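Here is the structure we will look at, set down as structure tokens.
What you are looking at is a predicted structure, and each value in this text was computed from that prediction instead of being measured. All values below come from the heavy atoms of this structure, side chains included, with hydrogens, waters and symmetry mates left out.
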Amino acid sequence: MTTADSHATSPGWTSRRVFTLILLAGLGELTIFVFSAVSTALPMLRRDFPGAPAEWVISVQPLVGGVLTPVFGKLADRYGKKRMLVVAGVLIAAGGLIAATATVFPLLLVGRAMQGFITAVVFLSYSLLRDIFPARLVPVAASLSVTGMGVMTVIQPFLTGWLVDEFGWRAVFWFLAAYAALFTAGIAAFVPESPLRNKSRIDWAGAALLGFGLGFLLLGLGRGTKWGWGSAATILVFAVAVVLLTGWLLLDRRIAEPFVDLRLLGARPVLLSVVFAGLISAACGLMLTLIPLMVTVPREVGGSYGFGASATGVALYTAPIGICLLVFGYVAGRSVSAAGPRLTMAVGALFVAAGLAIAALWHDQPWQLVVAALVYAIGQGTTFGAAPNLIISSVPAEQQAVMSSLMECAKSLGPSIATQVVFAVLAATALPAHGTAAIYSGAGLSIGFAIAAAIALVSSTAAFLMPRNRSVTPRTITSPLRHHLAG
């Protein structure tokens with residue numbers, strides 16, 4: 001940072017900066033809604049589109065996100081982070097409009113696929129904040145741009161239930177369209193653009209190999225259970241993924257301006273950041289998957305577990321998670337300024353592991369799961385808030401978005417792999433069939449929580465292995481934007 005930047009007028013929080021953060025974090029709030037709300041509306045979708053493969057409404061969104069996220073990151077570094085963020089918001093809103101008005105299933109899938117661009121929103125937001133905020137505000141701002149999603153975690157179950165019950169499944173997509181349009185318009189009108197540009201040539205061949213390689217990998221992970229892990233279709237999809245990703249690695253090493261700089265990706269802080277993101281996201285994804293399975297089953301069916309909670313009742317267990325995400329995201333931002341992201345992430349992962357271990361061992365009373373969720377949520381808020389700061393402090397500003405996009409890809413791959421492993425365990429320990437719904441044994445669910453706790457412990461180890469560096473100050477720029485936002 002230059003002397004001029006260091007002593008800029010009003011270098012602290014101002015109304016402009018707060019409003020900028022609200023807009024960026026607010027658009028990121030849709031991340032949880034895009035997945036969870038549509039999952040809730042799935043039974044109605046099956047009814048209105050009989051015979052259609054309704055499960056694709058769920059799987060097409062992360063699939064498209066996995067393919068396009070690295071491309072969006074590279075384009076953001078070259079053409080502007082705000083510009084690509086606005087493009088993503090417009091496509092999300094348009095996708096909601098198309099899905100809300102769809103009269104045939106393929107058109108619904110097109111609209112849903114366009115919502116895959118939500119994957120790019122969070123990393124583009126904190127990458128942009130890095131460039132336009134004073135360096136000393138970046139840790140807290142970056143943390144809150146990610147963990148601000150805690151607000152939607154609290155209200156999403158109640159809001160979704162009201163929309164679906166009162167107005168039907170189309171109301172979910174109307175809400176998504178209106179919300180995305182409102183915040184995107186605010187970002188376009190108010191938030192300044194980053195002046196940083198990476199003028200290197202875009203390796204479109206590398207982008208295609210990486211994007212489609214990740215896409216086929218996610219497709220195989222998502223559909224393997226339905227197709228059969230040993231089926232020709234699953235094997236073919238994984239084989240294509242291996243060929244494409246191998247081709248990307250070979251091409252990346254041969255050209256002067258690769259799509260992703262493997263030397264930077266292989267640097268210990270960057271590589272371990274990506275590994276940590278995949279592992280901790282896997283552990284957190286399992287917690288949020290297993291809790292509803294455990295609390296919605298009646299005790300007379302589950303035997304050693306189950307409280308017969310309704311879909312709305314599940315929110316009573318997940319709402320504390322959302323609150324802790326927001327609170328401890330802020331705490332993480334302050335902590336990384338003092339202790340560095342490495343220690344903050346490692347300790348947060350230990351809290352995640354502890355919460356999962358409590359759920360594995362004690363779950364025959366509702367209060368036990370609430371305690372488990374609270375301990376876990378402290379860790380999730382801390383780790384999710386600290387992780388962006390490590391990638392910010394580890395990569396050059398000109399490559400911030402593309403490297404952050406790879407961390408987002410890891411956050412998609414981790415839960416996909418872990419979920420398949422745990423559901424294989426659950427299927428092997430399932431109770432005798434009860435109606436049409438699969439009922440898992442208490443022992444199987446305990447093993448699932450234990451696996452998630454073990455993954456969180458490994459992620460904590462990855463954090464401890466990162467270089468000791470308390471500095472989280474990003475490479476900054478001399479720009480009138482900081483003075484503009486200080487007003």
Side-chain angles (χ1 to χ4, degrees), residues 27-42 45 53-76 81 83-102 105-125 127 146 149 152 156 169 172-177 179-181 183-184 207-223 237 241 244 277-278 281 285 401-402 404-416 419:
L27 186 59
E29 288 286 293
L30 276 185
T31 303
I32 187 68
F33 197 90
V34 160
F35 178 80
S36 299
V38 176
S39 299
T40 302
L42 196 61
L45 285 168
E55 64 273 10
W56 276 101
V57 175
I58 302 298
S59 57
V60 72
Q61 177 254 319
L63 182 61
V64 171
V67 171
L68 295 177
T69 290
V71 178
F72 250 61
K74 189 70 172 182
L75 291 174
K81 300 176 181 72
R83 178 178 297 177
M84 298 313 300
L85 186 59
V86 170
V87 170
V90 169
L91 290 171
I92 295 165
L97 180 61
I98 291 171
T101 57
F105 189 73
L107 195 58
L108 174 64
L109 278 187
V110 170
R112 181 64 174 154
M114 293 172 67
Q115 292 177 341
F117 289 96
I118 191 66
T119 308
V121 165
V122 173
F123 79 82
L124 287 178
S125 293
S127 298
V146 176
M149 289 183 293
M152 190 60 78
Q156 178 270 321
W169 63 266
V172 170
F173 291 105
W174 279 117
F175 176 82
L176 284 169
Y179 187 105
F183 276 86
T184 301
L209 289 170
L210 176 59
F212 284 106
L214 290 172
F216 275 99
L217 182 58
L218 287 168
L219 178 62
L221 291 170
R223 308 301 295 171
V237 166
L244 291 174
S281 295
V402 69
S404 298
S405 73
L406 295 180
M407 192 163 72
E408 291 303 312
C409 289
K411 289 166 69 175
S412 296
L413 286 171
S416 297
T419 299

Distance (rounded to the nearest 0.5 Å) between [X] [atom1] and [Y] [atom2]:
{"X": "F123", "Y": "L85", "atom1": "CZ", "atom2": "CG", "value": "9.5 Å"}
{"X": "L176", "Y": "L97", "atom1": "CG", "atom2": "CG", "value": "11.5 Å"}
{"X": "I98", "Y": "Q115", "atom1": "CD1", "atom2": "CD", "value": "9.5 Å"}
{"X": "L91", "Y": "I118", "atom1": "CG", "atom2": "CD1", "value": "11.5 Å"}
{"X": "L30", "Y": "F183", "atom1": "CG", "atom2": "CZ", "value": "8.0 Å"}
{"X": "L214", "Y": "T69", "atom1": "CG", "atom2": "OG1", "value": "9.0 Å"}

Kindly give the heavy-atom pair with the smallest separation between [X] and [Y], and that separation in Å.
{"X": "A181", "Y": "A93", "result": "N-CB, 3.8 Å"}
{"X": "W169", "Y": "A102", "result": "CH2-O, 4.5 Å"}
{"X": "K411", "Y": "S281", "result": "CG-OG, 3.1 Å"}
{"X": "A88", "Y": "V121", "result": "CB-CG2, 4.4 Å"}
{"X": "V122", "Y": "G28", "result": "CG2-CA, 4.3 Å"}
{"X": "P415", "Y": "A410", "result": "CD-O, 4.3 Å"}

Find out whether [X] and [Y] are in side-chain contact, i.e. whether some heavy atom of one side chain is under 4.5 Å from a heavy atom of the other.
{"X": "F173", "Y": "L108", "answer": "yes"}
{"X": "I92", "Y": "T184", "answer": "no"}
{"X": "V87", "Y": "F72", "answer": "yes"}

| field | Criterion side chain to side chain contact (heavy atoms under 4.5 Å, CB included) on Y179 and F33, from CA distance to verdict | value | CA-CA 11 Å; Y179 187 105; F33 197 90; over 6 Å; no
